[in-house]
Amino acid sequence: MCGIIGVLSQNQAAPFLTNGLKNLEYRGYDSAGIAVINNGQVASKKAEGKLINLTDLLVHEPLTGKAGIGHTRWATHGSPSKHNAHPITVGKVSVVHNGIIENYKVLKNELSSLGYQFKSDTDTETIAALCDSYLESGCTIREATVKTISKLKGAFAFCLLFNGEDDLLVAARQGSPLVIGHGNNEMFIGSDALALADQTNKITYLSEGDYAFLTRKNIEIFNVKNVKITRPIQYIDIE
Ligand code: GLU
């Protein structure tokens, strides 16, 4: 069981992301990484092994930007390595993913025939490639997200960050938990509320099949039937 974290912040994203991943260390992992967006450009850093390898790397090679996503990986497809660590970027789309995409081989074949060349050995890369292929075919981010989710089989949670979109994160939950944290003109995503505990105790739990579009000021959640819905904000006791 790995960890997912995401932030649309007023401050630098990297320290929040690595702190959040620290809070998720108890879930176990073999590598870690973060991606941060700055003026529309996404950059990522990843490291095999303990989180400290990533935080040490970030001391020498810092990432600037106020929004981003992060991940601690428990490899299911592809060796535990920097090469397979998340976030994984294909074209305009960067993804962190928890779980398994069961039909990844079929998707890889389809995407290969469109010209996509896969850089990792993961099932995860198909999420980013699929979403990017829909964007390339002229879909909006919302359309591409819905089409991507409808093609994926398996149990997963994922979070997407897009080149050119400094104020947008997409979160989707289907078989793996994911929570949204509400800040003051800030939004957070985590595998659990503990990951966000340093920032907020205002939490919305996504239900099975939900997906959400987050900006710093707004969140729109859709259910498995693609109907816009409201999920309650709960004030949780971190203690
Ligand atoms: N199946 C994905 C991979 O092997 C995600 C594993 C996880 O949940 O950490 O990269």
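All ligand and atom numbering here is 1-based and tracks the order in the structure. For the numbers below, each heavy atom of this structure counts, side chains included, while hydrogens, waters and symmetry mates do not.
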Quick one: does Gly99 get a heavy atom under 4.0 Å from ligand 1? yes
Is it the case that over 12 heavy atoms from other parts of the model lie below 6.0 angstrom from the CG atom of Asn184? no
Could you tell me whether some N/O pair between Thr72 and ligand 1 is separated by less than 3.5 angstrom?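 N/O-N/O distance under 3.5 Å: no.
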Does the N or O separation between Trp74 and ligand 1 drop below 3.5 Å for any pair?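 So ligand 1 has an N or O lying under 3.5 Å from an N or O of Trp74.
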For Ser31 and Glu48, which I'm curious about, is there any donor-acceptor pair between the side chains at under 3.5 Å?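 The criterion, which ignores hydrogens and geometry beyond distance, is not satisfied for Glu48 and Ser31.
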Any side-chain donor near an acceptor of the partner, Asn223 and Tyr211, under 3.5 Å: no
Please could you name the atoms of ligand 1 that [X] approaches to less than 4.0 Å, counting only its heavy atoms?
X      : result
His71  : 9 (O)
Arg73  : 3 (C), 4 (O), 9 (O), 10 (O)
Asn98  : 8 (O)
Thr124 : 2 (C), 3 (C), 5 (C), 10 (O)

Pick out which of Asp166, Leu63, Leu168 makes a side-chain contact (heavy atoms from CB on, under 4.5 Å) with Ile37.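 Of Asp166, Leu63, Leu168, side-chain contact (heavy atoms from CB on, under 4.5 Å) with Ile37 is met by Asp166 alone.
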Does Asp123 approach ligand 1 within less than 4.0 angstrom via side chain, backbone, both or neither, non-hydrogen atoms only? side chain
Where do Tyr29 and Gly49 come nearest, in terms of heavy atoms and distance?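 Heavy atoms of Tyr29 and Gly49 come nearest at CE1-O, 3.4 Å.
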Could you walk me through whether Lys105 and Asp123 pass the salt bridge (Lys or Arg N to Asp or Glu O under 4.0 Å) test, one step at a time? CA-CA 8 Å; Lys105 280 191 182 154; Asp123 51 337; over 6 Å; no
